[in-house]
Number of protein chains: 2
Amino acid sequence: MTIRQVATTAGLSPATVSRALSGSRRVAPELQARALAAAEQLGYRANRVARALRTRSTGTVGMVVPNIANPFFPVIIQAVEKQLRAQGTQLLLCDSGDDVRQEAELVHSLLEHRIDGILVSPCDRVSSRTTVRLAASQVPVVQIDRRAGSEVAFVGVDQDRAMAEVVEHLARQGCRRFAYVASSSRASTAAERSRGYRRAVQRFANGSHDRLYAGDFSMEWGREAARRLLAERDLPDAVVCANDLVALGVLDVLRSHGVDVPGDVLLTGFDDTEVAAVTWPPLTSVRQPLEEVGRRAVELLRTVPDRADGGPVRATLFRAELVVRRSTQPGARPGESWPPAGPRGQAGPQEASRAAGS
Amino acid sequence: MTIRQVATTAGLSPATVSRALSGSRRVAPELQARALAAAEQLGYRANRVARALRTRSTGTVGMVVPNIANPFFPVIIQAVEKQLRAQGTQLLLCDSGDDVRQEAELVHSLLEHRIDGILVSPCDRVSSRTTVRLAASQVPVVQIDRRAGSEVAFVGVDQDRAMAEVVEHLARQGCRRFAYVASSSRASTAAERSRGYRRAVQRFANGSHDRLYAGDFSMEWGREAARRLLAERDLPDAVVCANDLVALGVLDVLRSHGVDVPGDVLLTGFDDTEVAAVTWPPLTSVRQPLEEVGRRAVELLRTVPDRADGGPVRATLFRAELVVRRSTQPGARPGESWPPAGPRGQAGPQEASRAAGS
DNA sequence: CGTCTTTGGGATAACGATTTCCAAGAGACC
DNA sequence: GGTCTCTTGGAAATCGTTATCCCAAAGACG
């Protein structure tokens, strides 16, 4: 089923049919109708491969994320896909498995497929840099959530500030001695959260008794860290976790060792994944405006010039929202604990257009 | 950067370079080396769009799932992607949002993009049928996890049997009065689970006091169902849920109303998602061999003939494994509850090759 | 030594769309 | 009425690759 056949049945030339269907040039109404009718009758749908070869646009955008099994990413992916769909674009999704080599391979493969742009959440804020830059020299690229360098457009959330709010909240609850179960700082978000945590602890708690454990963004690491924590001679007032998965792992081990949250120690997660609200105790976490991040990233992808050429690079930073739940409210009596109605921070986008390299 | 330029710098014809790079025909070693060197030097990577146009194969497989935010799917997707990667194929992932119209639209779009095959988890076991059949008439199609009709190849898990094991386990724990928080039976898995549940209740508990609530696969529905359950005058012995998300929602509301699990009522999930093990109490659930399902589906995709033409249709059914945890062990004392060490069913593949329409 | 087969390189024709480019016809305007 | 512009349909070039076809050279074999 080619455009040629449609043209034949319509008694027209392929050129005219093409124009009639795409509206790229005016076609006499009568011929247009004939073309449309023939296409309809034959159930013709254009071969996008052929079209892509000629127009040099595939109508496809690639996206590379570190790990779809981390419930944080599906939410972003859905937002991105929804937005892309609205403009008739397909999403080519890849999971880099948090591996820089894999990530590079995937990006190259996407480029071979001549995608129209790439959304990438670089798994390593340093080593992913060359890959991101290379990609950006060929097609529009937007970094989403995580970044590797500031030479390429970025849309994400102010992690530093969000983490500071977490610590401030804990300090207000009377916590003075903190432990941080971090993810290794290969991911930019992890690095920013760590930094935010450290600075906030300095400010709000005078940096006392600041223990830090570095692993990854997994539940299993949370378990391991909790075991190490328990092996020390005393518990901190609060355990801050790099994300919800880690917090769940920590919670699991604490509980199995008879440590009560929030009675004996307060606990926080990050990302406000769906499960954070239904664990026991429900987890205080940080909600990010993912819908907006996704939308903005797609939007930005269309305005990024084809080949990054030293012009100003756009970066959008959204503000996250602290969601307080029972895991940081030792005072709440069971009756009061549902529904959770703690104080909340405000959210709102915060745009910054900066020169490259800033 | 085209093959023509490579050919020029190598002092060869494009045809020879093409052959040298793809190995589709023997090329004199010396010329081969020259072609490779030139390609390497120029950093040439073939334009897959042009190649696809000529060879009628894009090296891309489409996958349509109902909802990536359901943590069950990312696991399957990862398995599929891993397997595809091994054969150098890209995955074009789509989320149908559990909507039949959307699903149809996506499948059409995939066909336009001339993907080499489609993996689909049809959202409606009845209405998705036409779409699946249409797709199968154009490219190889394998249904994965869910199915719509048996005219198209399928890889999945024996839901019916798995659910029977759940009920049997509960009956052994002394439960006689059951409630089932179902997902509406639009998804084939939901329908099979319901059927398995009903039959097992008949057999093991004489069908006494069998309440059923039908909603969807979401946590929110679990909450709603639990509220309805609590509104009735008495609680059943056990609440069986269509999947883990639903169970989490149920658990959340039960807890907030002071109902103890497993003290007052036993509770089960399905899918054994990562969180099932870390809720409190940990959730008895059903683990499916998703890695194998994914692998088998990709494998099958390669052997399915291009156009479904009435030959025998392959269907592979794997067996799931019951994972018993504290939510169904009222007798376990806290000290014993960790790690969970309940009896486990065995898993194993179970292949069936059946004629179409069976 | 002649013929017959095999091997391998290169020219060229696809693949299926879009997009020049060209030409014919219709108005416009002096 | 003549020229000039504008419109619009169709022929043909084009995108970058691979497959087909042809031909020359080399080797096989009687």
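It should be emphasised that the depicted structure is a prediction, and the values quoted were computed from it without experimental measurement.
To the nearest 0.5 Å, atom CZ of residue A/Phe318 and atom CG of residue A/Asp145 are 12.5 Å apart. Summarising the geometry, atom OG belonging to A/Ser13 is positioned 9.0 Å from atom CD1 belonging to A/Ile3; distances are rounded to the nearest 0.5 Å. Interatomic distance, CG of A/Asn67 versus OG of A/Ser96, reported as 8.0 Å (0.5 Å rounding).
Taking 4.0 Å as the cut-off between side-chain N and carboxylate O, B/Arg186 and B/Asp98 count as a salt-bridged pair.
Between the CG atom of B/Leu21 and the C1' atom of D/dA19 there is a distance of 16 Å, rounded to whole Å. In this entry the distance linking CZ of A/Arg26 with C1' of D/dG9 reads 13 Å, nearest Å. To the nearest angstrom, C1' of C/dC15 lies 14 Å from CD of A/Gln5. Counting to the nearest Å, the P atom of D/dG16 and the CG atom of A/Leu111 are 16 Å from each other.
Formation of a donor-acceptor pair under 3.5 Å by the B/Gln143 side chain with backbone atoms of B/Gly149 is found in this model. Distance alone, capped at 3.5 Å, is enough to place a donor-acceptor pair between the B/Thr55 side chain and the B/Arg51 backbone.
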Whether each nucleotide of nucleotides 16-23 of chain C has a protein heavy atom under 4.0 Å at its base (B), only at its sugar-phosphate (S) or at neither (-) is summarised, 5' to 3', as BBBBBB--
